[in-house]
J.: 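Structure in structure tokens, see below.
In this text the structure is predicted, and so the values were computed from the model without any measurement. In this chain, residues are counted from 1 in sequence order.
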Amino acid sequence: LEVEIKNIDAEKIRPLRHSELRQGLHFSTTSYLRDHEKDTFHMACILNEKIVTCATFYPQVSEKILCQNAYRLRGMATDSNFRRKGYARDLMQESFVELKLRDADFLWCNARLVALDFYKSLGFKIKGDLFDIEGVGAHYYMYKRIN
């Protein structure tokens, strides 16, 4: 099996965002306002030419914790047929390297409940209370310092 992790165009990860994060919603909900900004980057884990995991990163100040150069993680998704095989972990490890190259010192996200243990295993911490994102569900604010 050939596995590749690389930066990729946002349009190529939208189908995975749709199937895993926006089921039942219109495909247009898979496009994020900041997808095509200069400092935004998208990572994908590709297995035999199929995108099995993806994530999007862009600079965004965190309102909850003081930091110099925060990035936000959005749209982290893994194809349901490829979960718990290490692909998402490997993608995140590569992403941490890319974030360091961009002088990021902090990464944050709004994490779904089903993803809490995954993020904790990568060193993310929870701050604040559970909150609801309309149409998506319950989330926690999570963050990680990038060393």
Side-chain angles (χ1 to χ4, degrees), residues 1-10 12-25 29-35 37 39-48 50-147:
L1 297 174
E2 187 177 330
V3 178
E4 182 181 18
I5 297 173
K6 66 178 187 175
N7 284 329
I8 196 161
D9 183 78
K12 293 191 167 144
I13 61 175
R14 287 181 65 197
L16 184 57
R17 284 180 184 169
H18 191 246
S19 67
E20 299 303 325
L21 302 176
R22 300 286 190 254
Q23 308 95 328
L25 299 175
T29 65
T30 66
S31 181
Y32 301 157
L33 288 174
R34 302 193 56 191
D35 270 349
E37 290 184 2
D39 292 327
T40 298
F41 69 98
H42 311 276
M43 298 291 283
C45 179
I46 303 164
L47 178 65
N48 295 333
K50 175 183 172 59
I51 296 173
V52 297
T53 300
C54 66
T56 296
F57 303 85
Y58 52 79
Q60 185 172 339
V61 171
S62 170
E63 310 260 326
K64 297 190 183 255
I65 296 178
L66 184 64
C67 50
Q68 295 297 310
N69 189 18
Y71 268 69
R72 181 175 179 186
L73 163 62
R74 286 200 66 196
M76 177 97 208
T78 299
D79 183 308
S80 58
N81 298 309
F82 295 91
R83 288 190 188 138
R84 302 196 182 280
K85 298 185 183 323
Y87 300 121
R89 171 176 292 286
D90 292 347
L91 180 142
M92 289 302 294
Q93 296 298 342
E94 289 291 323
S95 299
F96 296 149
V97 171
E98 179 68 26
L99 287 162
K100 282 183 197 176
L101 291 173
R102 293 168 183 252
D103 293 322
D105 63 345
F106 189 86
L107 180 63
W108 68 275
C109 66
N110 293 324
R112 294 173 186 228
L113 296 181
V114 298
L116 289 184
D117 288 341
F118 170 71
Y119 288 122
K120 285 178 182 175
S121 76
L122 292 168
F124 281 78
K125 294 178 175 53
I126 293 173
K127 181 163 178 73
D129 297 322
L130 187 67
F131 62 94
D132 191 66
I133 296 177
E134 188 177 339
V136 182
H139 286 71
Y140 276 103
Y141 174 94
M142 296 190 81
Y143 69 94
K144 175 183 175 66
R145 301 244 177 234
I146 304 296
N147 303 334

J.: Under 3.5 Å, side chain of His18 to main-chain N/O of Leu25, donor-acceptor pair present?
T.: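 A pair under 3.5 Å: yes.
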J.: Would Ile65 and Trp108 count as a side chain to side chain contact (heavy atoms under 4.5 Å, CB included) here? Give the steps.
T.: CA-CA 10 Å; Ile65 296 178; Trp108 68 275; over 6 Å; no
J.: Between Phe124 and Cys109, is any pair of side-chain heavy atoms under 4.5 Å apart?
T.: yes
J.: Could you state the interatomic distance from CD1 (Ile5) to CD (Gln93), rounded to the nearest 0.5 Å?
T.: 9.5 Å
J.: Less than 4.5 Å apart, any side-chain heavy atom of Phe41 and any of Arg102?
T.: yes
J.: For a quick check under 3.5 Å, do Thr30 and Arg14 share a side-chain donor-acceptor pair by atom type?
T.: yes
J.: Quick check on Leu33: does its CG atom have over 12 non-hydrogen neighbours (other residues, nucleotides or ligands) under 6.0 Å away?
T.: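 Counting neighbours around CG of Leu33, 12 or fewer heavy atoms of other residues, nucleotides or ligands fall under 6.0 Å, so no.
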J.: Just checking Asp129: does its CG atom have more than 12 heavy atoms from other residues, nucleotides or ligands closer to it than 6.0 angstrom?
T.: no
J.: Going from OG1 on Thr40 to CG on Asn7, what distance comes out if it is rounded to the nearest 0.5 angstrom?
T.: 11.5 Å
J.: Taking all heavy atoms of Gly137 and all of Asp132, pick out the closest pair and write down the distance.
T.: C-OD1, 3.1 Å
J.: Please check if atom NZ in Lys125 has more than 12 non-hydrogen atoms from other residues, nucleotides or ligands closer than 6.0 Å.
T.: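 Counting neighbours around NZ of Lys125, 12 or fewer heavy atoms of other residues, nucleotides or ligands fall under 6.0 Å, so no.
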J.: Determine whether more than 12 heavy atoms belonging to other residues, nucleotides or ligands lie under 6.0 Å from atom CG of Leu66.
T.: no
J.: Do side-chain atoms of Asp105 reach the backbone of Gln68 as a donor and acceptor pair under 3.5 angstrom?
T.: yes
J.: Please assess Arg22 against Val136 for the test side chain to side chain contact (heavy atoms under 4.5 Å, CB included), listing each intermediate value before the final yes or no.
T.: CA-CA 8 Å; Arg22 300 286 190 254; Val136 182; 3.8 Å; yes
J.: Could you state the interatomic distance from CG (Asn110) to OH (Tyr141), rounded to the nearest 0.5 Å?
T.: 8.5 Å
J.: May I ask you to say whether Asp79 pairs ionically with Lys50, meaning some side-chain N is under 4.0 Å from a carboxylate O?
T.: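 Counted as a salt bridge, because a side-chain N and a carboxylate O are separated by less than 4.0 Å.
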J.: Tell me whether the NZ or CZ atom of Arg17 lies within the 45° cone about the ring axis of Tyr32 and under 6.0 Å from its centre.
T.: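 Satisfied, under 6.0 Å and within 45°.
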J.: Can you check side chain to side chain contact (heavy atoms under 4.5 Å, CB included) on Leu130 and Leu113, steps first, answer last?
T.: CA-CA 9 Å; Leu130 187 67; Leu113 296 181; 3.4 Å; yes
J.: Tell me, please, which residues at least two apart from Tyr140 pass ring-ring contact (aromatic ring centres under 6.0 Å, His included).
T.: none
J.: What distance separates Leu116 CG from Ser121 OG, expressed to the nearest 0.5 Å?
T.: 11.0 Å
J.: Side chain to side chain contact (heavy atoms under 4.5 Å, CB included) for Met142 and Leu73? Distances and angles first, verdict last.
T.: CA-CA 10 Å; Met142 296 190 81; Leu73 163 62; over 6 Å; no
J.: Below 4.5 Å, heavy atoms only, C-beta onward: do Leu21 and Met76 meet side chain to side chain?
T.: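 In short, these two side chains do not touch, never coming nearer than 4.5 Å.
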J.: To the closest 0.5 Å, what do you measure between SG (Cys54) and NZ (Lys12)?
T.: 13.5 Å
J.: Below 4.5 Å, heavy atoms only, C-beta onward: do Thr78 and Leu91 meet side chain to side chain?
T.: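 A side-chain contact under 4.5 Å is absent here.
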J.: Which pair of heavy atoms, one from Glu20 and one from Ser80, lies closest together, and at what distance?
T.: OE2-N, 3.2 Å
J.: Mind listing the closest non-hydrogen atom pair of Ala70 and Ser62 along with its distance?
T.: CB-N, 4.1 Å
J.: Check Val97, Asp103, Leu107, Asn69 against Ile146 for a side chain to side chain contact (heavy atoms under 4.5 Å, CB included) and give me the one that passes.
T.: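 In the set Val97, Asp103, Leu107, Asn69, the residue that makes a side chain to side chain contact (heavy atoms under 4.5 Å, CB included) with Ile146 is Leu107.
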J.: What pair of heavy atoms forms the shortest contact from Ile13 to Ile51, and how long is it?
T.: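 Nearest heavy atoms, Ile13 then Ile51: CG2-CD1, 4.3 Å.
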J.: In terms of the angle between their ring planes, are Phe106 and Tyr143 parallel, tilted or perpendicular, with boundaries placed at 30° and 60°?
T.: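 Ring orientation, 0 to 90° scale: parallel.
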J.: Say you draw a straight line from NZ of Lys144 to OH of Tyr119; how long is it, rounded to the nearest 0.5 Å?
T.: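 The distance works out to 12.5 Å.
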J.: Tell me whether the count of non-hydrogen atoms from other residues, nucleotides or ligands lying under 6.0 Å of CD in Glu63 goes above 12.
T.: no
J.: I'd like to know if the side chain of Glu94 reaches the main chain of Lys6, judged simply by a donor and an acceptor atom lying under 3.5 Å from each other, with no hydrogens or angles considered.
T.: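 Answer holds: no.
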J.: Could you pull out the closest heavy-atom pair between Met43 and Phe57, with the gap in Å?
T.: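 Heavy atoms of Met43 and Phe57 come nearest at CG-CE1, 3.9 Å.
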J.: Quick check against the 3.5 Å criterion: does Arg34 have a side-chain atom that pairs as donor or acceptor with the backbone of Pro59?
T.: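 Looks like yes, one N/O pair under 3.5 Å.
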